[in-house]
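Data block below; observations after.
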Number of protein chains: 2
Amino acid sequence: MRLSVVGFGFIGKSLVKAIKRKIDFLRELDRDFKVVGVFDSKGGVLSSSGLNLERLSIIEALPQYGEEYTNNLSVLDALREGAIDIMVEATPTNIDTGEPGLTYIREALKSGVNVVTANKGPLVLSYWELMELASKRRVQLLHEATVAAALPIFSLYKRCLQADRIQRISGILNGTTNYILSKMYFEGASFELALKEAQERGYAERDPSYDIDGIDAACKLVILGNAILGKKFTFKDVKRIGIRRVTPEAMALAKKSGYAIKLVGVVDDKPEVSPKMVPITHPLCVHGNLNAVHFETDLAGGVTIVGYGAGKETVSALLNDIIAILKSA
Amino acid sequence: MRLSVVGFGFIGKSLVKAIKRKIDFLRELDRDFKVVGVFDSKGGVLSSSGLNLERLSIIEALPQYGEEYTNNLSVLDALREGAIDIMVEATPTNIDTGEPGLTYIREALKSGVNVVTANKGPLVLSYWELMELASKRRVQLLHEATVAAALPIFSLYKRCLQADRIQRISGILNGTTNYILSKMYFEGASFELALKEAQERGYAERDPSYDIDGIDAACKLVILGNAILGKKFTFKDVKRIGIRRVTPEAMALAKKSGYAIKLVGVVDDKPEVSPKMVPITHPLCVHGNLNAVHFETDLAGGVTIVGYGAGKETVSALLNDIIAILKSA
């Protein structure tokens, strides 16, 4: 299988490094496995005989790969040439237009190319269009990394709870807000101070609205609802209250009663993300930049999974999706 | 596929009920799926055209099924006749001899029959012998329910963390001791009082040694180590300290410092189960009769899964194994 990575930011770079580390294992599954293309926003490198993973792993920016870097070369060119079997889409998220990822994914699926994506935008906007396209072309569109990053939510549902009907999903789905709320819980910090520290540490953007107003979590609820509960949710269907109004006083009061205030997303018929009191002893009550997802099911009862919702750990989910495709080939 | 259930105790009965509820879904996967045999310790019912699931679901003891119940009929007879494709083994656990489960599993595998088991005994004693037998006969021996019951530990490892190398596993693997320790943590109860209440509620046996001396947890560590880390552990390899000596004073001191004392099993090169201080904010620190398993991996970092380690929820794991076999047929 010939793989291409679109997007050479933190996730794209981390993935290339992980592929290099795991290349023997990947070649055991598919002896023809190779990375044939990597693209950034301005161009890319493409080679049918496979790229040099060693070199790709140490460069900071893609043009440093060497003279093979071609300006204006796009993954769309590679798709048109039939040069790819799996496309990993890791461009920046845009939840208004889905671009550029949406076009890349759509074109890949239309070309009969399997897609692994870490990008919420295209799925929030066009989940069912893309899934139907994948199904029509008999290829896979896997997106484990889009919700709770390293946590295997979708494969847990598909592979480990195959007889269970999932009735409700709740989760702490945004690491930035959980970092801020944990700071408030443990240190009595004000929201403003905790946010400032999150920004200084690089956990929160200069415009933190995407995280703290629950937009990121709401996007994840749309994907969870559609992929696991079979809903036809769009972003507008999610009731959304952020954490700006959580005060140190409210947090202290909650703490005194054995609770923490957390930004909790819930998906059933009416998806909602809002600050909620969570008993400190509940498995969902995780701290720092951890994420947690809790399934309520008809057989297993409650199953909670906890782990890293961002960072280099995301490559675990991307590689698991890639391997699922290699194995089903 | 023709399925038989061996053992008609709580788990066997719960499974039959769950199969009845999910029969349409199972027949979508395999339109010839049927339950052809159920056996208790004294006899069984066997019918090549399939048993009446409605009737099986409402009876308390197998002889009540009707005159079809045959004394001294054993699953071994059914195996000899080639009447079964999947055997679900749910007889009582015996970790000294593995019997009667060990003989049933061995004979099933020798006969080329897939096995799903909830029984730790045979696996603790003969993990590698049985796995090699399964591999030689090209059938599956799945045992999701043997560790942390409803929690999908082994399928999480096999299906959701396929690129990850698991470096260490730690877990709260015994619901009875966790119930007792939680009682001590939350109510300041003494060990003796908490044990007595666990016995009154049916969580602990009259002879509670199997749970409170860590024997049950040690068995689970052997299976985890062998199945996930590829070790050749036996029961004797596990260093084992139970919870008899945990005092209310020690628990109160731990609590004051933000910890709880938990019976924690750890598997790496040196498996060990012993009471440990766990930070109350750590995902592993679950309470009541919950179980939790924490994987440390090279890519995903830490992944924790939390849920029910006993009870009717166990059928989720058994059915997931059954479905995995139906899908790979």
Side-chain angles (χ1 to χ4, degrees), chain A residues 14 18-19 21-22 25-26 29 144 149-156 158-165 182 185-186 260 280-288 290 292 294-295 297-308 311-324 326-327, chain B residues 14 18-19 21-22 25-26 29 144 149-156 158-165 182 185-186 260 280-288 290 292 294-295 297-308 311-324 326-327:
Chain A
S14 300
I19 288 175
R21 279 173 62 191
K22 301 281 178 178
F25 174 60
L26 293 165
L29 297 172
E144 189 63 88
L151 279 184
I153 307 301
F154 301 104
S155 50
L156 185 75
K158 272 198 289 189
R159 300 295 193 167
C160 305
L161 297 168
Q162 298 180 86
D164 284 71
R165 196 163 52 83
S182 299
Y185 177 85
F186 287 109
I280 198 78
T281 54
H282 191 281
L284 204 55
C285 199
V286 298
H287 307 283
L290 286 174
H294 179 72
F295 288 122
T297 89
D298 60 342
L299 297 178
V303 174
T304 313
I305 185 161
V306 179
Y308 294 105
K312 67 179 190 318
E313 290 82 2
T314 310
V315 299
S316 170
L318 292 172
L319 273 171
N320 198 64
D321 281 349
I322 292 169
I323 290 170
L326 295 181
K327 283 192 173 172
Chain B
S14 300
I19 289 175
R21 275 173 63 191
K22 300 281 178 177
F25 174 59
L26 293 165
L29 297 170
E144 188 63 88
L151 279 183
I153 308 301
F154 301 103
S155 50
L156 186 75
K158 275 198 289 189
R159 301 295 193 167
C160 306
L161 297 166
Q162 297 180 87
D164 283 72
R165 195 163 52 80
S182 299
Y185 177 85
F186 287 108
I280 199 77
T281 53
H282 191 281
L284 205 54
C285 200
V286 298
H287 307 282
L290 287 175
H294 179 73
F295 288 120
T297 90
D298 60 343
L299 297 180
V303 174
T304 312
I305 184 161
V306 178
Y308 293 105
K312 65 179 191 319
E313 290 82 1
T314 309
V315 300
S316 169
L318 291 171
L319 273 172
N320 198 63
D321 281 350
I322 291 168
I323 290 170
L326 295 182
K327 282 192 175 171

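Naming convention: chains lettered A, B, ... in sequence-line order (proteins, then strands); numbering from 1 in each chain.
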Any residue of residues 298-306 of chain B which, by heavy atoms, sits under 4.5 Å from chain A: Asp298(B), Leu299(B), Ala300(B), Gly301(B), Gly302(B), Val303(B), Thr304(B), Ile305(B), Val306(B)

Is chain A contacted by the side chain of Leu290(B), its backbone, both, or neither, given a heavy-atom distance below 4.5 Å? side chain

Turns out that what part of Ile153(A) lies under 4.5 Å from chain B's heavy atoms comes down to neither

If I measure from the heavy atoms of chain A, does Phe154(B) come under 4.5 Å with its side chain, its backbone, both, or neither? neither

Look at the aromatic rings of His287(B) and Phe186(B) and report parallel, tilted or perpendicular, splitting at 30° and 60°. perpendicular

Closest-packed option against chain B by number of heavy-atom pairs under 4.5 Å, given Ala18(A), Cys160(A), Ala317(A), Ala150(A): Cys160(A)

Counting heavy-atom pairs under 4.5 Å to chain A, which of Asp164(B), Val286(B), Leu29(B), Leu151(B) comes out on top? Asp164(B)

May I ask you to name which of Ser14(B), Ala260(B), Ala149(B), Ala163(B) has the most heavy-atom pairs under 4.5 Å with chain A? Ala163(B)

I'd like to verify something: which residue of Val315(B), Leu161(B), Leu26(B) has the highest number of heavy-atom pairs under 4.5 Å with chain A? Leu161(B)

Heavy-atom nearest pair, Arg159(A) first then Gln162(A), reads O-NE2, 3.3 Å

Ranking Leu319(A), Ile323(A), Ile322(A) by heavy-atom pairs under 4.5 Å to chain B gives rank one to Ile323(A)

For Lys312(A), does the NZ atom sit with more than 12 other heavy atoms under 6.0 Å from it, leaving out its own atoms? no

Side chain from CB out, backbone as N, CA, C, O: work out which of these in Arg165(B) comes under 4.5 Å of a heavy atom of chain A, or both, or neither. both

Would you mind reporting whether Asn320(A) and Ser155(A) have side-chain heavy atoms less than 4.5 Å apart? yes

Checking Ala324(B) against chain A: side chain, backbone, both or neither under 4.5 Å from a heavy atom? both

